[in-house]
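Please find one structure pasted underneath; my questions will follow.
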Amino acid sequence: QVQLVESGGGLVQAGGSLRLSCVASGSIYSINAMGWYRQAPGKQRELVATLTSGDSTNYADSVKGRFTISRDGAKNTVYLQMNSLQPEDTAVYYCNADLRRSIRSGRANYWGQGTQVTVSS
């Protein structure tokens with residue numbers, strides 16, 4: 001059993017900042033990568049940022065220079081620092097993990113329930 005729990009969402013004015021957290025728990029052997037995705041009403045879920053175990057990062061063009069992804073490996077936790085937030089960033093943000101549950105298991109993807117981020121003008 002693997003569980004991802006997000007936190008840190010909320011209401012913020014344009015230009016403000018928020019930090020999202022995602023904690024992975026349960027049966028986990030190793031984590032290859034963790035990341036953040038978001039989905040606004042009426043739109044497809046899109047990639048925001050990813051971070052691999054080798055510290056490679058990938059960001060959506062729309063958030064480059066404003067968002068930063070990082071992790072705390074000891075706690076299997078990933079963060080998303082969001083600065084200079086704009087109304088267009090309003091969405092439900094989902095945590096994703098690419099991991100192995102045991103030495104005998106292959107990689108699989110897991111998702112959190114999501115946390116709402118609302119940016120007002």
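None of the values given here were measured: they were computed from a predicted structure.
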Atom pair CD1 (I28) and CD (Q3), whose distance is rounded to the nearest 0.5 Å: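 Answer rounded to 0.5 Å: 10.0 Å.
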Ring center gap for W111 and Y37 short of 6.0 angstrom: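 Centroid distance W111-Y37: below 6.0 Å, so yes.
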Side chains of N96 and N109 in contact at under 4.5 Å (non-hydrogen atoms):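 In contact.
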cation_pi(R71, Y79) dist<6.0 Å, angle<=45: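 Pair R71/Y79 does not count as cation-pi.
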Side-chain heavy atoms of R38 within contact of R45, under 4.5 Å: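 R38 does not reach R45 side chain to side chain.
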Hphob cluster co-occupancy, M82 + Y94, side-chain heavy atoms under 4.5 angstrom: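 Result: no, two separate clusters.
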Distance in Å, S53 OG paired with L99 CG, rounded so as to fall on 0.5 Å steps: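 Rounded to the nearest 0.5 Å, the OG-CG separation comes out at 11.5 Å.
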Student check: side-chain heavy atoms of D89 and F67 closer than 4.5 Å: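 Touching, per the 4.5 Å side-chain cut-off.
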Exercise: do D98 and N32 side chains pair donor with acceptor under 3.5 Å: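 Note: D98 and N32 side chains meet the donor-acceptor criterion.
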Sidechain-backbone polar pair: Y110 side chain, A24 backbone, donor-acceptor under 3.5 Å: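 Checked: no pair found.
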Non-hydrogen side-chain atoms of V78 and I69 separated by less than 4.5 Å: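 When only atoms from C-beta onward are counted, I69 and V78 do touch, with a gap below 4.5 Å.
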Closest approach of V92 to G114 (non-hydrogen atoms, all atoms of both residues):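 Of all heavy-atom pairs spanning V92 and G114, the closest is CG1-CA, 3.9 Å.
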Spacing of S25 atom OG and N76 atom CG [to the nearest 0.5 Å]: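 If we round to the nearest 0.5 Å, S25:OG and N76:CG are 8.5 Å apart.
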Side chain proximity check, S70 to Q81, heavy atoms < 4.5 angstrom: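 In short, these two side chains do not touch, never coming nearer than 4.5 Å.
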Residue pair S121 / A14: nearest heavy atoms and the distance that separates them: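 The answer is CA-CB, 4.3 Å.
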Reported CG-to-CG distance for the pair L18 and N83, which is rounded to 0.5 angstrom: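 Atom-to-atom, L18:CG and N83:CG are 9.5 Å apart.
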C22 backbone acceptor or donor facing E6 side chain under 3.5 Å: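 Between the backbone of C22 and the side chain of E6 there is no qualifying donor-acceptor contact (under 3.5 Å).
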Closest heavy-atom pair and its distance - G9, V117: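 For G9 versus V117, the nearest heavy atoms are CA-CG2, 4.2 Å.
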side-chain contact (heavy atoms from CB on, under 4.5 Å) evaluation trace for S62 with E88: CA-CA 10 Å; S62 60; E88 293 75 22; over 6 Å; no
Any L47 side-chain heavy atom under 4.5 Å of N58 side chain: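 A side-chain contact exists here, since the closest heavy-atom pair is under 4.5 Å.
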Atom pair CE/OG1 of M34 and T77 - distance to nearest 0.5 Å: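 M34 CE to T77 OG1: 7.0 Å, rounded to 0.5 Å.
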Smallest separation among heavy atoms of A49 and Y59, with atom names: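 What the structure gives for the nearest pair is CB-CD2, 3.6 Å.
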Residue pair T90 / V119: nearest heavy atoms and the distance that separates them: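 Minimum heavy-atom separation between T90 and V119: OG1-N, 2.9 Å.
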Side-chain donor-acceptor contact under 3.5 Å, R100 with Y29: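 The answer is no; no qualifying pair exists.
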Expected output: side-chain S27 to main-chain R101 donor-acceptor under 3.5 Å: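 It does hold such a pair.
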CD on Q39 to OH on Y93, rounded to 0.5 Å: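 That separation rounds to 12.0 Å.
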Criterion side-chain contact (heavy atoms from CB on, under 4.5 Å) on V12 and T118, from CA distance to verdict: CA-CA 6 Å; V12 65; T118 302; over 6 Å; no
Heavy-atom pair with the smallest gap, counting every atom of R66 and S84: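 Minimum heavy-atom contact is NH1-O, 3.0 Å.
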